[in-house]
Structures are given as C-alpha cells and as structure tokens.
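Counting convention: from 1, in listed order, for ligands and their atoms alike.
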Amino acid sequence: MKQTHIKVFATGGTIAGVAGSATRKDYRPGQIGIDDFVSEIAKIGLTARLEGQQFANIGSEDMGPELWARLHVAATEAMADDECAGIIITHGTDTAEETAFLLDQTLATTKPVVLVGAMRAADAVGSDGMRNFANAIRVAGDADAAGRGVLLVMSDRVFAARDARKAHTENVDAFKGYPRGPVGHVTPTSLEWFGPAWREGEAARYAFFKDMPKVSILYAYAGMSPDNVAQALGGEAKGLVLAGFGHGNAPRGIRDALARAVEQGVPVVRASRVDEGLVDREPEDDTANFVAARALNPARARILLQLLLANGITDPVRIQSEFSRR
Ligand code: DAS
C-alpha cells in the first residue's frame, strides 16, 4: 500500500524542547532536530511517510516575517506537489495562533496544513509532544481535513486557525476556540470531525507579503491617557488595534484620539482584552468609522489588519466586511 506523504516543517518550540531532567522546570525550546523527531515517531508504527525539513529551532517568541515568508513559500510549493498529501508545521505554542492565522488567510485550502506544538518538553514527565505529533499526522493525512483552513492540533483537539488562541500558560490543555470550540477530536488511532468542511476549494484570501505595514496594539487600562494613543501610533503605524475593556471599550479621551487617527487615515479596529466574546459594531463605530473585531482577539486582529492594508484594503467599511467573514 502506498504510504501517505506528509511534509513536516520544523520551527522549534517546546515540542522540540529538552530540560535534561524529567523533573526540571526550566527547559530549552528548540533542541531536538526534525530527523530525530521523525525517527522517534516511526517507532510507534504510524504508516505515513514523513519528510522533515528544519526551518528553524527557536522559541516561538522569536517567530516573525522572515520565517513566515519561508514557510509560506514552502507550503505553497507543497500544495502544488501531487505527491504531498498534507503539511505539518511544528511550532512553539506562544505565537502558534498568529502563524496559523496568517497562513490560514494566505494559503489555498486544498490540502491540510496543521500546526502542532506541546506544553511539556520532550523529556518531561507526561510529555505531550509525541502524542500531539502523532495526532497531527492523522489530521494532515486525512483528505477531509482540507477545506477547513489551517488547523491547530493540541491535546486531542483540532481547532480552526480563525478560532484558536492560547488560553493557559502551563496546562497541556492550553488552547481554546471561539466562536467555535474544537472542530474535531483526534487521537493517534481515530479522527472525528464535528461537521463538514466550510472552505472547500477556496483560494488564498489575501496575497502574502513579507513586509507588511506596521500595526500597533493599544492595551486599555483604567486611568490611561490620550498620550498612549500618540505613543502607539509613533514609529509610522499604519493601523491600530485597540485591546479594549469588555466590548472593545476605552475611556472617552482615548476614543476621541482614536477617532482623530481614523480621520487622518489610520484604520482603528476595536478588539477586547477580555478572553472570550464578540466585539460587535456599536452606533459610535458609524460616526467614528471604527471597525469591530468580531471574534478575533487583538493578536489575530492585528494580523488581519496588516494583511488587509498590505493588500490595498484601507476603507473602514471594506475592512469591516473582511473582519466579519468566517
Ligand atoms: N517555548 C514557548 C514557545 O516556543 C512555549 C511553547 O512552545 O509551548 O512558544
């Protein structure tokens, strides 16, 4: 029987991390090379043919445009390769949601693209890396995984990149999805989807650019002053995402300063510093031309605003309709 061919792009993170002792709390991310990883997983008898490529071996706090550009090129090539059934990207969990969402919006949905990480180093007691990786192989090798955008596999769950965010600093069960929870359940021996694919046959939504316009995030706090807006806009920011209170709220003076920024051609997206819930349009959005982030948290709202600006989409009405897509 012909084995499913899956390309594995390794970038590092805790999934490739070691502590040197099973009981040591501190560990170094990005220590294990992809070849060692692939030969280790071969021992558990999965039938896929894995082709590993080491892109980096970093903690994902250092992830950014250089590496995103290389991953995008490689994923685009793998999509065009008839031999390749799916792609896995091993990644640190800290910024996995940003990489997943950026690729989700800039790759076609014709083949599964799966990000996977771990919360415990490879030599920690109860390490989750190998199980998550085995689960990712099952998802990336499943034709039904295509048409769901980029996926993120952690703790036996499959999340859509549009929904997924890291919601715990330490737990193995670190990711949550909103507004959808997990879109599937996976183990090394089973995979169940909670509904049909929703992006079947879709082309890339936006062109990928390595150099995207600067977009700042302004984190709201009680007692903040309009100076904070000027600071956030300094350094040539072309757009701003408000990580607001509750429903994307901010003190009156801040809202006025943000409205002036919009008048000067800097789009402003209202997101929330609260972990979960929609930020929907309010009457003031119509007068001030703000955009509501809907279900995207500030980190992913920032990526989307960068992509829109890079693709020449600057009108707040048009930006709003892109934020309102699923
Ligand atoms: N070491 C951090 C990172 O690379 C955490 C992790 O991987 O879980 O994102």
What side-chain donor-acceptor pairs closer than 3.5 Å can you find for residues 216-223, not counting sequence neighbours?
unit_1: Ser216; atom_1: OG; unit_2: Ala232; atom_2: O; d: 2.6
unit_1: Tyr221; atom_1: OH; unit_2: Asn228; atom_2: OD1; d: 3.2
unit_1: Tyr221; atom_1: OH; unit_2: Asn228; atom_2: ND2; d: 3.3

* Share the residues that join Val125 in a hydrophobic cluster, the rule being Ile, Leu, Val, Met, Phe, Trp or Tyr side chains under 4.5 Å apart at the heavy-atom level. => none

* How long is the gap from CD on Glu40 to CE on Met130, to the nearest 0.5 Å? -> 5.0 Å

Please list every donor-acceptor pair under 3.5 Å in which a side-chain atom of residues 188-198 meets a protein atom from a residue at least two apart or in another chain.
unit_1: Thr189; atom_1: OG1; unit_2: Thr187; atom_2: OG1; d: 3.3
unit_1: Ser190; atom_1: OG; unit_2: Thr187; atom_2: OG1; d: 2.8
unit_1: Trp193; atom_1: NE1; unit_2: Asp142; atom_2: OD2; d: 2.8

* Quick one: OG1 on Thr11 to NE2 on His91, what's the gap to the nearest 0.5 Å? -> 4.5 Å

* When the ring planes of Phe208 and His72 are compared, do they come out parallel, tilted or perpendicular, using 30° and 60° as the limits? -> parallel

* Asked: Applying a heavy-atom distance cut-off of 4.0 Å, which protein residues contact ligand 1?
  -> Gly13, Thr14, Tyr27, Pro29, Gly59, Ser60, Glu61, Gly92, Thr93, Asp94, Ala118

